[in-house]
There are 2 protein chains.
Amino acid sequence: MTDTARGTSRRYGTRPTMKDVAARAGVGLKTVSRVVNGEPGVTPDTERRVQEAITALGFRRNDSARILRKGRTASIGLVLEDLADPFYGPLNRAVEEVARSHGALLINGSSAEDPSREQELVLALCARRVDGLVIIPAADDHRYLEPEITAGIATVFVDRPAGRIDADTVLSDNFGGAQDAVAHLIAHGHRRIGFIGDQPRIHTARERLRGYRAAMAAAGLPVDDSWVALGSTAPDRVRAAATTMLDAPEPVTALFAGNNRVTVTAVRVLGERPRPVALVGFDDFELADLVRPAITVVAQDPAHMGRTAAGLLFRRLDGIEDPPRRTEIPTRLIARGSGEIPPAED
Amino acid sequence: MTDTARGTSRRYGTRPTMKDVAARAGVGLKTVSRVVNGEPGVTPDTERRVQEAITALGFRRNDSARILRKGRTASIGLVLEDLADPFYGPLNRAVEEVARSHGALLINGSSAEDPSREQELVLALCARRVDGLVIIPAADDHRYLEPEITAGIATVFVDRPAGRIDADTVLSDNFGGAQDAVAHLIAHGHRRIGFIGDQPRIHTARERLRGYRAAMAAAGLPVDDSWVALGSTAPDRVRAAATTMLDAPEPVTALFAGNNRVTVTAVRVLGERPRPVALVGFDDFELADLVRPAITVVAQDPAHMGRTAAGLLFRRLDGIEDPPRRTEIPTRLIARGSGEIPPAED
DNA sequence: CCGTTGATTGACAACGTTGTCTAGAGGCTA
DNA sequence: TAGCCTCTAGACAACGTTGTCAATCAACGG
């Protein structure tokens with residue numbers, strides 16, 4: 001026991017390697033490798049001896065070395081915008097589920113809506129040689145990814161399209177969903193409808209605005225500039241925008257909220273006002289049905305988006321090389337009441 | 001160009017290595033390494049040549065090799081129970097934020113409340129040689145982690161304690177929070193209070209039950225067996241439990257919901273009943289203030305828990321070797337109205 | 001009894017990086 | 001000018017694994 005401590009006892013902070021296991025079991029290195037990986041060509045007796053050594057030493061294969069040797073990491077990266085946003089929970093979960101079913105681990109991080117942080121994170125993942133990436137982009141120029149994609153890292157964009165490169169993309173039907181939402185309000189008698197959305201640099205915000213305008217145009221309704229407010233989704237900003245629209249000389253009689261965060265603030269603002277105002281929100285949220293009035297929404301399906309994206313990714317990893325495709329996941333209007341409030345008489 | 005394609009052009013699926021960069025720049029391997037890592041001892045001219053070669057080839061350091069060589073992965077693992085549960089969003093985010101500030105990546109996965117899946121996931125992370133682990137345990141025996149901890153993988157448990165091993169732990173004050181919740185109901189005149197909680201094998205469920213009993217005992221109130229229902233948090237089960245308690249000959253006049261999921265279902269059930277019933281929930285949720293009546297809750301602070309856990313973890317990684325410590329994060333009763341409904345007259 | 005076959009096993013190189021060590025160039029002092 | 005020091009640069013081994021290949025051995029057919 002005085003010679004080499006490894007192979008007999010464990011030192012804190014030092015892990016046994018296959019070499020140690022081999023020494024202890026009195027076999028060759030490659031035999032240990034075979035046992036660890038369940039490869040054939042090992043007699044039951046040898047296998048038992050190796051297994052004993054493994055247990056005795058507390059050996060665990062070092063995947064870093066394995067990855068280096070094999071070239072594949074069996075891990076994929078997920079870059080999203082805010083881990084705390086409820087929209088991403090189911091999406092995250094769906095991606096993880098698919099990854100798991102393919103035996104891959106998920107490495108993730110959030111960009112906090114900051115393009116440079118997105119790039120930093122993505123490149124760190126590439127340096128780790130993840131096999132593929134699912135990205136909810138914060139940036140609008142992804143040419144920095146070109147060398148990585150050329151090098152074989154599969155990449156799928158979700159929720160927003162990639163900027164200046166061609167890649168697989170999974171989006172919600174933002175345009176159609178917004179149209180439905182606004183058409184719903186129009187069908188219930190509204191003529192002056194406000195739209196409060198996210199910053200215009202964000203693709204979804206632009207598409208939803210386009211849907212809003214299309215629905216208004218289809219009904220032959222004019223859109224006053226003061227009815228459209230794009231910008232941060234911070235409560236203050238949303239509150240201010242809503243108040244302005246509702247206190248105008250010719251106030252809007254209904255609001256279309258461009259996303260989750262906006263809807264929640266809108267509900268708060270409307271709850272404080274005496275006169276009921278119709279509201280439809282883009283993106284569903286838990287308890288939307290419990291608020292009074294229950295909130296009518298255009299529901300997205302984040303789990304479906306996640307599954308689709310991860311599916312697309314693993315398709316690529318299996319070597320399928322179609323041209324990049326853009327998938328749109330349909331949205332669904334869920335009428336719960338808040339969209340059916342008729343316009344107040346002037 | 002007919003000789004070696006590497007070094008001059010890029011082949012799909014093959015990445016340039018430092019060797020290729022060195023060849024192209026006409027320098028030694030180690031010099032490239034120095035430039036890539038910003039080590040001193042390189043003349044500006046040489047550095048420029050190397051940088052040019054790096055850009056031209058689209059080189060990116062292979063972190064797998066680096067990790068193998070250095071022994072540290074600069075990544076930590078986070079194992080939680082359900083990525084889609086809103087409680088874990090802020091926790092996840094907080095852990096990621098701390099990891100990021102330490103230059104580490106976050107690898108995560110969920111156990112789906114399945115002990116064997118937890119173990120599988122944790123060991124996969126150990127094989128990756130993550131530097132540390134933050135675990136929200138699903139299992140109640142963690143001895144399988146002993147060799148890993150001995151080998152130097154720092155480990156912190158969150159939300160629930162580790163089973164049969166001694167390790168750093170960050171918990172909510174489940175007992176105290178539950179006591180506060182029930183005391184609040186008692187203060188508003190309730191004598192018959194039901195408790196609907198999670199499965200008894202889950203530590204938090206047991207602690208909250210203990211708090212419930214303690215508060216009742218402190219007020220000198222008896223607890224009927226039929227007032228306590230522990231089990232799955234699936235809506236059906238919760239609905240059934242609530243209905244039984246409320247339709248009993250001597251019905252409970254208030255409910256204490258053992259977590260988030262239970263509270264939401266309870267709100268639905270109570271909303272369908274003519275006679276108002278008081279309710280306090282453990283764990284806050286978005287929009288709890290918008291439901292009518294607004295829901296009184298005992299709020300946990302998942303972000304605080306995540307920050308604390310990650311902080312503890314990196315403390316260990318910095319080499320501090322105190323005995324394991326157990327930290328309790330206080331809870332806060334947020335009275336919003338639903339807990340102040342007085343008991344109905346019989 | 002010998003050559004052949006098949007199964008088991010291990011020696012060795014390689015994956016791409018970094019730490020160590022040494023070589024060489026150039027400048028300084030005595 | 002010899003001797004020394006500093007600075008830059010590269011050769012080489014090592015990290016722990018897996019793929020390739022060759023060696024050994026028992027069994028078997030002729």
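Values below: all heavy atoms of this structure, side chains included; hydrogens, waters and symmetry mates excluded. What you see is a predicted model; the values in this text were computed from it and never measured.
At whole-Å resolution of the value, CZ in R72(A) and C1' in dG16(C) are 18 Å apart. What separates CD of E39(A) from P of dC21(D) is a distance of 16 Å, to the nearest Å. Across the protein-nucleic acid pair, D45(B) atom CG and dA25(C) atom C1' stand 16 Å apart, rounded to whole Å.
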- request: Take L106(B) and V95(B) through the side chain to side chain contact (heavy atoms under 4.5 Å, CB included) test and state the conclusion after the steps.
  value: CA-CA 8 Å; L106(B) 188 62; V95(B) 172; 3.9 Å; yes
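Contact annotation: N62(B) does not reach the phosphate of dC15(C) (side-chain N/O to OP1 or OP2, under 4.0 Å). Look at R69(B) and you won't find any side-chain N or O under 4.0 angstrom from OP1 or OP2 of dA14(D). For dT8(C), the OP1/OP2 oxygens have no side-chain nitrogen or oxygen of T31(A) closer than 4.0 Å. Look at K70(B) and you'll find a side-chain N or O under 4.0 angstrom from OP1 or OP2 of dG19(C). The side chain of T43(A) places no N or O atom within less than 4.0 Å of a non-bridging phosphate oxygen (OP1 or OP2) of dT8(C). Side-chain N/O atoms of S64(B) include none lying less than 4.0 angstrom from OP1 or OP2 on dC15(C).
Contact check for P161(A) versus L171(A): side-chain heavy atoms found under the 4.5 Å cut-off. Inter-residue side-chain proximity for V36(A) and F59(A) is flagged as met; some heavy-atom pair is nearer than 4.5 Å.
Under the side-chain hydrogen bond (donor to acceptor under 3.5 Å, both in side chains) rule, D114(B) has a single partner from S111(B), S110(B), S116(B), which is S116(B).
Residue R34(A) places a side-chain atom within donor-acceptor reach of the base of dG10(C), judged by atom type and a 3.5 Å distance cut-off alone. Counting atom types as modelled, K30(B) pairs a side-chain N or O with a base atom of dG19(C) as donor and acceptor under 3.5 Å.
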